[in-house]
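Below is one structure, written out as structure tokens; comments come after it.
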Amino acid sequence: MEPYYAGVLSIVPPIIAVALALLTKEVFSSLIIGILTGTLIYSIGSGADFVVVKTIEAAFATAANKVDFNIVMFCSLLGALVYVISMAGGSRAYGQWAATKIKSRRSALLSTSALGAFIFIDDYFNCLTVGTVMRPVTDQHKVSRAKLAYIIDATAAPICIIAPISSWAAAVGSNLKDTGVFESEIQAFISTVPWNFYALLSLIMVVLVAVCNFDFGPMKKAEEAALKGDNNKVESKDVDENFDVIAQGGVLDMIIPIVALIISAIFSLLYHGGYYGSDPAYHTLGAAFGNTSAGPALVLASFISLIVAFAMFVGRRLLTLKDFMQGVLKGVQAMIPANMILVLAWTISGVCRDLLQTPLFISSLVEQDAGLAGNLLPAIIFVIAGFLSFSTGTAWGTFGILIPIVVTVAQAIDPTSSLTIITLSATLAGSVFGDHCSPISDTTILSSAGSGCVHIEHVSTQLPYAVTCAFSAFAGYVVAGFTSSLLLSFVTAVIVLVVSIYTLHIRYSKKEASLANS
């Protein structure tokens with residue numbers, strides 16, 4: 001299908017989808033309406049003869065083109081792995097063991113944060129693995145599924161975007177190479193890390209929330225409900241309700257398959273990146289990760305880990321072959337809602353990007369601001385990148401659109417200063433912000449799935465936290481644009497963050513107390 005430039009109308013579909021999701025608390029119908037709104041705009045704008053028919057056809061054609069089957073398979077296989085581990089008794093044994101080591105909610109939250117920071121290779125892998133491992137522990141200490149989902153999401157993309165060896169670093173590096181400005185793409189990427197205020201502030205905020213219990217907004221309500229035993233989670237039958245007998249597995253029955261998954265993922269990413277191939281150009285870790293394809297690599301890794309689980313559970317007769325295969329099917333079924341949301345999110349993103357040319361509209365806005373003084377450029381680019389990433393649900397797509405533009409603009413304003421690196425960092429930070437809080441972002445969806453949290457609750461509870469970090473990062477970029485001082489701008493951003501969190505926490509607590517006394 002030929003694209004149609006819809007201008008400002010190209011951002012209408014995601015706005016409608018997000019607004020409806022927040023109002024109705026129902027994400028499937030909201031995404032479908034957003035998709036059909038976009039294809040209707042496309043049909044009318046492109047002069048289709050049969051508008052209604054073209055609207056529906058365009059929706060299904062876009063869905064077929066945008067679905068990443070590898071990611072769907074990865075999610076499904078990981079769901080199967082989680083389910084058979086539970087059947088074998090591994091999750092229960094791990095939860096009982098962890099209860100003897102992690103004795104407080106604070107320790108549970110910090111342990112979850114640490115694991116999220118440790119798994120920096122890929123955000124998809126991070127979202128589902130951390131949720132699988134830590135969900136029994138956080139449930140034991142009555143941590144809300146919404147808080148678990150927030151910690152997973154806030155330590156997925158933000159940690160990947162500051163890790164030199166990750167799928168995200170590879171994506172950024174490929175876009176930096178295309179600009180032809182930087183002698184070393186990896187060195188340029190590393191230079192952006194200290195200036196990536198949103199990613200750094202997100203990690204700081206996770207620690208502050210975990211240690212100081214600075215909750216506010218819908219998250220505070222979710223935490224209070226969890227403490228009372230009302231933990232809002234995805235409605236699904238527990239393993240015990242589907243099978244008469246759960247095997248008496250041990251802690252290793254959970255740890256070994258997960259470790260196998262992690263090790264397989266690393267080697268599989270290197271394999272698909274050409275590390276073991278005949279081309280010496282990819283015989284380094286950085287080059288291999290830069291050339292890898294995450295989807296096929298993660299499918300291979302999850303299948304290998306499922307084979308390891310099969311050998312452990314069926315080989316030791318913890319489970320029969322029939323029960324194991326039933327568990328695999330049940331696990332795949334449990335991931336259907338998450339996979340459906342992913343498909344719809346990819347579709348609405350494709351409608352905006354491919355049919356209505358949202359990136360072209362946003363690019364025109366950036367190019368119109370090319371004459372702005374360099375002092376405000378980082379802050380403005382941060383906002384634009386955040387808006388584009390939020391609207392399309394993709395940080396990687398935002399990188400590809402904005403990096404060539406902002407590098408050119410910054411070089412034109414002052415090629416001798418640090419403005420290029422600061423503005424590039426603001427682009428990456430804004431892209432992560434939009435991806436972090438967008439309800440149609442794949443990492444947001446997978447964080448909900450990994451934690452077992454209702455998707456729209458995850459979106460609504462983490463949004464105030466993400467916006468607070470974004471506001472603080474914006475303040476830091478304003479200072480950075482005028483001073484080019486990393487220390488001064490970062491300290492400003494941290495101060496704004498801490499003051500904002502404390503103020504919101506106190507204000508919300510007073511409001512609750514006032515309502516309770518009235």
Side-chain angles (χ1 to χ4, degrees), residues 70 72-102 111-112 115-116 118-119 121-122 124-140 236-272 296-335 338 446 449-452:
N70 283 308
V72 172
M73 283 297 299
F74 169 61
C75 293
S76 301
L77 290 173
L78 197 56
L81 179 66
V82 171
Y83 206 88
V84 296
I85 288 174
S86 297
M87 288 177 59
S91 297
R92 182 171 59 191
Y94 178 81
Q96 292 170 349
W97 172 82
T100 65
K101 305 297 181 182
I102 301 174
S111 299
T112 305
L115 182 60
F118 176 73
I119 303 178
I121 296 295
D122 183 76
Y124 291 166
F125 183 53
N126 181 305
C127 291
L128 293 174
T129 304
V130 175
T132 299
V133 174
M134 296 306 300
R135 193 164 56 206
V137 179
T138 53
D139 282 352
Q140 177 79 18
S236 60
K237 291 183 178 180
D238 293 332
V239 175
D240 301 71
E241 297 178 15
N242 291 281
F243 296 91
D244 295 331
V245 178
I246 300 302
Q248 298 300 313
V251 174
L252 292 180
D253 290 310
M254 178 170 184
I255 292 178
I256 290 177
I258 296 298
V259 170
L261 178 63
I262 294 172
I263 294 174
S264 300
I266 294 172
F267 281 98
S268 184
L269 286 166
L270 291 173
Y271 168 75
H272 281 274
L298 293 176
V299 170
L300 179 60
S302 57
F303 187 71
I304 290 173
S305 63
L306 200 58
I307 293 175
V308 171
F310 176 86
M312 289 182 64
F313 304 156
V314 178
R316 290 160 54 219
R317 297 185 179 179
L318 280 174
L319 298 174
T320 66
L321 174 61
K322 181 179 179 180
D323 283 346
F324 185 90
M325 295 311 300
Q326 284 181 339
V328 169
L329 292 176
K330 292 285 186 180
V332 172
Q333 289 173 7
M335 293 303 294
L446 292 179
S451 62

Would you mind reporting whether [Y] and [X] have side-chain heavy atoms less than 4.5 Å apart?
X	Y	value
Leu298	Asn70	no
Arg135	Val130	no
Ser264	Phe303	no
Val328	Val84	yes

Nearest 0.5 Å please: distance from the [atom1] atom of [X] over to the [atom2] atom of [Y].
X	Y	atom1	atom2	answer
Ile85	Ile255	CD1	CD1	10.5 Å
Ile263	Ile256	CD1	CD1	10.5 Å
Leu318	Asp253	CG	CG	5.5 Å
Leu300	Leu77	CG	CG	10.5 Å
Met87	Gln326	CE	CD	7.0 Å
Leu306	Ser302	CG	OG	7.5 Å

Where do [X] and [Y] come nearest, in terms of heavy atoms and distance?
X	Y	value
Ser111	Met134	CB-CE, 3.8 Å
Gly327	Tyr83	O-CD2, 3.4 Å
Ser305	Leu81	OG-CD2, 3.5 Å
Ala93	Gly250	CB-C, 3.5 Å

Inset, instruction - Please state whether the rings of Phe324 and Phe310 are parallel, tilted or perpendicular, taking 30° and 60° as the class boundaries. - result: perpendicular
Inset, instruction - Keeping the roles fixed (side chain from Ser268, backbone from Ala297), state whether a donor-acceptor pair exists under 3.5 Å. - result: yes
Inset, instruction - Name all residues meeting the side chain to side chain donor-acceptor pair (under 3.5 Å) criterion together with Ser76; count only those two or more places apart in sequence or in a different chain, and write none if there are none. - result: Asn339
Legend entry - Candidate pair Val314 and Thr320, rule side chain to side chain contact (heavy atoms under 4.5 Å, CB included), full reasoning: CA-CA 6 Å; Val314 178; Thr320 66; over 6 Å; no
